[in-house]
Amino acid sequence: MKAGAVPRQERVSAVNEFLSALVSIMFHGLAYAMILYVVSVGLSVTMGLMGFANLAHGVFAMAGGYVAISLMSRLGLSFGPAVVLAVLVVAAASVVLERLLYARLYGAGEIEQVLFTIGLIFMSIAAAKFMFGSSQQELVLPAALRGEVSILGRMFPTYRAFIIVTGAIIALGLWLGLERSQFGARVRAAVDNRRMARSVGIDTDRLFSLTFALGSGLAALGGALGGELLTIHPAYAIEHLVYFLTVVAVGGLGSIRGPFLAAVLLGVGDTACKYLLPDIGAFFIYFALFGLLLWRPAGLFGRA
Amino acid sequence: MTVALETRGLRKNFGAMVVTNGVDFKLAAGARHALIGPNGAGKSTFINLIAGRLTPSAGSVLLAGENVTALSQEARVKRGLGRTFQINTLFANLTVLENVTMAVSERLGRGGDKLRFAGSRRDIVEEAYELLKRLHLAEDALRPVREIAYGRQRLVEMAIALGLRPRVLLLDEPAAGVPSAETAVILDVMEALPADMAVLIIEHDMDLVFRFAKTITVLVRGAVLTEGTPAEIVADPRVREIYLGEGRHG
Amino acid sequence: MFVYRSAATISPVDYMVCSHRLRWPELLPWVAIIAAYFAFPSYLALGAQVMIMVLFALSLDLVLGYAGIVTLGHAAFFGVGAYTAGILAVHGWEEAITALPVAAAVAGAVGLVTGYIILRTRGLTLLMLTLAVASMLGEAANKANWLTGGADGLQGITLRPLLGVFHFDLFGRTAFVYCALVLFAGWVFVRRLVHAPFGRSLTGIRENAARMHAIGAPVRQRQIIVYTIAAALAGVAGALEAQTTQFVGLNVLSFDLSGAVLIMLIFGGVGRLYGAFVGAPLYMVAQDALSRLDPEYWFFWVGLLLVVTVMFARGGILGVADLLRRKVMR
Amino acid sequence: AETVKVGVVLGFSGQASASVDQMDKAINLYVKQHQAELGDIKLDLIRRDDTGPNPDMARRLAQELITRDRVNILTGFFYTPNANAVAPLATEAKVPMVIMNAATSSTMRLSPYLVRVSLTQWQQSYPLGQWAAKQGVKRAYTAVTDYGPGHDAEAAFIKGFTEAGGKIVGSVRMPLKNPDFVPFLQRIKDEKPEALFVFVPGSKDATALMKAYTELGLAQAGVRLIAAGDCVPDNELASMGDVPPGVVTMGYYSAAATRPQNKAFVAAWQKEYGPDSIPSPFAVGAYDGMAAIFYVIEKQHGKIDPDRTMALLKGWRNDNSPRGPVMIDPETRDVVQNMYVRRLERVNGKLENVEVETIPMVKDPWPRLHPQ
Amino acid sequence: MADCLTLAGVSAGYAETVVLEDVSLTVPEGGTLAILGRNGVGKTTLLATVMGHTTLHRGEITFCGRSIGTTPIHRRSRAGIGYVPQEREIFPSLTVEENLVIARRRGDWTLERVYELFPSLKERRSNMGTHLSGGEQQMLAVGRALMGNPRLLLMDEPLEGLAPVIVDMLMGAFRRLRQAEGLTIVLVEQHARIALDFADAAIVLDRGRIVYDGPSATLRGDSERLAGLFGVAAKAASA
Ligand SMILES: Nc1ncnc2c1ncn2[C@@H]1O[C@H](COP(=O)(O)OP(=O)(O)OP(=O)(O)O)[C@@H](O)[C@H]1O
Ligand SMILES: Nc1ncnc2c1ncn2[C@@H]1O[C@H](COP(=O)(O)OP(=O)(O)OP(=O)(O)O)[C@@H](O)[C@H]1O
Ligand SMILES: [Mg+2]
Ligand SMILES: [Mg+2]
């Protein structure tokens, strides 16, 4: 055997190592991204389409998580039905909240909306703590989602693979169902000018209730599905707020595709940065936010 | 004749659509000039290019011989350019008087004063009030703009521009939405403007145009179709076909 | 906007010329502060902190209320001011009063630079950029252990007695009076500013930037200037905090603080100069009282207070006050 | 009768409310159990919420407690910066201050009126480093949260580990606001060290970290997890999922400890707060803090003199603590206690920190290594 | 012919402010009514009141025999009232086509037909609503109202900012609409001549009250009376 053989082998293994690092960055990044996406796209809907600065969006995600977990632990439902039911429950509850409170603030300035939603966050933190205690809740995954699966010759947690697939399906569904339908246009019309929208026959109240339910339902879905990754605890809404806002801002307000791309960028970027340059890990998100927003102030898919 | 405003090969496109297509245009000091043309011909765009609200894709804008193409809107205003907007662009929550005072105090370079109270310059407020009186707006002086009728808001548009005492005044459909009776007010005011002020007016109200303008440019699809006196323009069959229509204004 | 009803008797010109005149209710905060000093000698520490927040909220009002720039990162400047004053003191500059202008200058410089970069954007984008600026500064302060003490906080601040006579006492008397005087100066300055043409033009920019351009106002420049001024003012507030607490922790740069000052201002009323004077004390006193009654769940009640305020008191406490006054005058 | 006022400054709301909740429960439990010992001395506990790492607020609250409520003793202090900000007041007002949690070594030097009953990072991570090396671990990786206590833990572990002959193959500092630890652990998994030392603040982060450890199968890949006790708070174990057994931590208290003092404590706790409630080390810190405070009150018959109090506290010793013997070093005023090597195991289907080795009466090594 | 729109003793305004006082009028099905009057007399307020944008203080509004005084705005629209507001109120975040499509309701008017009427809109179909010239926005506002296939069309100065040829074309189109489809039209217009030429009946408002109500022919021939009503003599004479 020639002398050069050993170094070549080493080189091959270095390349392999690099590739496998890449695969795992992509994998974990995507899993994280999908949860960010599902929650944030709901915010993109309420904030972008409806123009409501809903900082309390995370509350609905948290509620989704709590409801799903309670359904599982107290009523013994299994994961799937619990998540679906949680989404329905939260969406329904959000409509009540919307009719009673949010609706009165549609005309108000964003400043008022900010104050109101911060108030809601405070109340939700206290309420969650009161009802469920201050420690975090464990989401018990069904056996099928535990353990690892092999992807491209590496082992990966099944749960995360599941998240990635589900997230992608939801994204596709939303894109087909929302971005390409008239629904979005109607909502935007209603936000631009409520009176005129009504004058062309749009029932803005009903439309807003529906939209709001959709946004909060998505949040609940993200909260419940992602409960294992972004754990459910009373301060959930405030803790992840910056991430949700970032995804929406970078994606472009009101867009459905935008947050997807933004979530992937941020999720994978964040993961890559933690993996490769852990010491500046905390800065990544802000650098990314800074750079992306200065480059495209309206977000990746925002309307100018 | 001194040229107050000139454009050379001015061009603007939005994406693939060319809205202003190489316009060479001159406005003499003291001119009373009208710009007419079909809807979407590019008249407002032309004004926006001159005022610096839009950046041209090519060509240049000269104010009193100075090339101002690269300058900001505010720099052009400082060099004597004033304009109105076709679609009301006002401080809706401020009073009518505040709206106009704002313009006057910017003209006098006082707008950035930080440690002197705004009210300490009574002359500024008085000048603004005088303008309101001329435009028959005095009774509404202390009402927030959003509460007054649309037609009167159009007059506030005009008052703000006049508060700048520009050497070149660009008026984008000042009479649109102003009832016939009040158009007379606008006409009066315009006719009383200083003789050396160059005025370019866009208007679809041909009565007003023919009474006021000494010269007219017809813009079609972003390019100058023809230029001439009112009589020449009315007589031009192309203009009648494209813009004026038959049987009227004859 | 004033009630134009009362203007019927005087000419519009007179009315506008007089609009900056000092009205008696404007002196109420000062009466209250002096009264508080004598009436609540055991609450002076809280009083000093309230006044610092008032000054901080006042600076935010310039940006948010007058210039219409919504920011979630105003703590950046407060923090920079606090760290500046703190670091100066740790390194031997133990004179408090002269440290204030330095803190203002440093915070102002940060405001100028960041403002220059981010003020070209609007809305949510701007909001996120302000947040990013503050967060990056916070992370940097955490990392720069050697300078800031990192998460353990900056220790070892000692100050010479003010004017060589008044040392910062345990009861907070000196701190109270010191903060009150600085706040007074800040108020005089801000009041001048907002009643000056500059302040009016900020309103113009907020209302309709397109028109401001068209009347020849240098819009961006004015925005950057007001952002810088507000940053400097926030820096002074931060410096006061560092000096009266004699400690600086990472929280001075936190999102929580940015949020808190925003809440206080909106609670009081935005864009009306006195929102800060009403919002900060009420909010802080409410928080203090509620947290004493119910240390575990007090923020539920604070949240409820905010929600109720928004529902029934648009425009904050002062907004309601205005409304009531108008009703009464009818 | 005398009244003793004790100001308790803790973050009842805010990020660490779960841990503070434990402390509050412990305080109440102690008072309930021992009230009688005070006789007719009235104990007035005044709780104030500093809302989190909020030094200015903590300082203001302490100031008010001192000037307005005229407290005799200050206690609580979850966060180091808060304790640090209050320390000068303790000196100025001569109010003894019993730190129930904040764990940065240098804090003690800020005032002669401080004592600490919890622990220091050095006290726990330094011996852990030594222990690990002695177990034959050659190559270790450290991962800590990027803030003061994390830095301390990192330095302490590395010092202990390398002094005993180990080698550090890599170190990473993870951001404070960090929802997902998987990327860091994946990287470490790829590096294949023999052991991974971890410090993260308790509660949420701890659970997230343990989950990531489980999910990635680090144990199966041959990476042993050795951690500061904060990573496995007893009260959070139930929500950590299928953590593979064998995680080793160093800590001063485990609810699973079998010594009688602890059994009695846990029994009393569960009687009070329900059978599902499990006391955490935070609780024991607060519990012992109350013990120290009760001690000085009784000794002085309710007439608290600051200097006498400090003299009493220096050298105070309690053999009845649930954590085993504990005392205050008269010199540094810092806590001296047994440190336990614990292994995470499933006992009757529940995860527990089983004490496997005791390192008796550990002093904080930091002052020795960092002379003034 | 049945009455399409009736106002009986209507007083309306903004919040507490009363602008219209005791206004009564009737427009028969397929009829056309011109509303004239000076600046700020309440013309816009009148149309807005029918649409439900204002506060109705007193009186009754009947549309196709049904009282609609308290009906929500969108139901009025769905019942067949189309509205072209004075300030156009194009939805800025929608494209031209979206502006039209969201107003679509079953009927003869389709996207194609609107584009046929205003070919320049078709060219700009994917422009954002406010990236249109003033005149184009006006066309869009009219087109949007037509998309709803109304039985009653309320138009507040729909000709403002339109080129003379387009004005001619549009007025012609309205005439055909009225004849072919029996559309009822209420038109506010500053140019009295155009309005009076077009409408069967006219009302003149002054400070919120009706000061003339009758056939437009009467006014058309009587420029003195017109001038007396609201001083448009100069204008009318010059036409
Ligand atoms: N921001 C923009 N993006 C794309 N197209 C635009 C934009 N602004 C204007 N246009 C188009 O440019 C053309 C010229 O518009 P402009 O406003 O200059 O017309 P105009 O001559 O003033 O017409 P009008 O008399 O109706 O006001 C129009 O067809 C318009 O749709
Ligand atoms: N939002 C409002 N709040 C209070 N008053 C208003 C409001 N809008 C209009 N007004 C007042 O109502 C009166 C009638 O206004 P309206 O707009 O109906 O007049 P108009 O006849 O349509 O005038 P124009 O010819 O200028 O369009 C005016 O005096 C106006 O000041
Ligand atoms: Mg135009
Ligand atoms: Mg009108």
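Lettering follows sequence order; numbering is per chain, from 1.
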### Message
Using side-chain contact (heavy atoms from CB on, under 4.5 Å), reason through C/T245 and D/R60 one step at a time and then give a plain yes or no.
### Response
CA-CA 8 Å; C/T245 311; D/R60 199 235 315 149; over 6 Å; no
Is chain D contacted by the side chain of [X], its backbone, both, or neither, given a heavy-atom distance below 4.5 Å?
X: C/F255; value: neither
X: C/T244; value: backbone
X: C/D169; value: backbone
X: C/F171; value: both
X: C/Y297; value: neither

Quick one: closest heavy-atom pair of [X] and [Y], and the distance?
X: D/R48; Y: C/S291; value: NH2-OG, 4.4 Å
X: C/G249; Y: D/P55; value: CA-CG, 3.7 Å
X: D/T51; Y: C/W298; value: CG2-CZ2, 3.6 Å
X: D/P81; Y: C/A151; value: CG-O, 3.2 Å
X: D/Q63; Y: C/G172; value: NE2-N, 3.7 Å
X: C/S42; Y: D/T67; value: O-OG1, 4.3 Å

Non-hydrogen atoms of chain C under 4.5 Å away: do they reach the side chain of [X], the backbone, both or neither?
X: D/I46; answer: neither
X: D/L10; answer: neither
X: D/T104; answer: side chain
X: D/N82; answer: neither
X: D/T107; answer: neither

#### Entry: Steps toward side-chain contact (heavy atoms from CB on, under 4.5 Å) verdict (D/L89, C/F247)
CA-CA 11 Å; D/L89 288 182; C/F247 188 87; over 6 Å; no
#### Entry: Point-to-point distance, once rounded to the nearest 0.5 Å, from CZ of C/F168 to CD of D/E92
11.5 Å
Can you tell me if [atom1] on [X] sees more than 12 non-hydrogen neighbours from other groups inside 6.0 Å?
X: D/K5; atom1: NZ; value: yes
X: C/K143; atom1: NZ; value: yes
X: D/W269; atom1: CH2; value: yes

### Task
Identify which of D/V20, D/D69, D/L110, D/I66 forms the greatest number of heavy-atom pairs closer than 4.5 Å to chain C.
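The residue among D/V20, D/D69, D/L110, D/I66 with the greatest pair count is D/L110.
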#### Entry: Most chain C-contacting option - heavy-atom pairs closer than 4.5 Å, from D/A87, D/P175, D/P53, D/S106
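Answer, by heavy-atom pair count under 4.5 Å with chain C: D/P53.
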### Task
In sequence, state the C-alpha distance, the side-chain angles, and the governing distance for C/D288 and D/M57, and then conclude on side-chain contact (heavy atoms from CB on, under 4.5 Å).
CA-CA 10 Å; C/D288 193 63; D/M57 185 178 253; over 6 Å; no
### Query
Which residue out of C/D256, C/V252, C/V248, C/L46 racks up the most heavy-atom pairs below 4.5 Å with chain D?
C/L46
### Query
Can you tell me if D/D56 and C/N251 form a side-chain donor-acceptor pair at under 3.5 Å?
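Judged by distance alone, the side chains do pair up.
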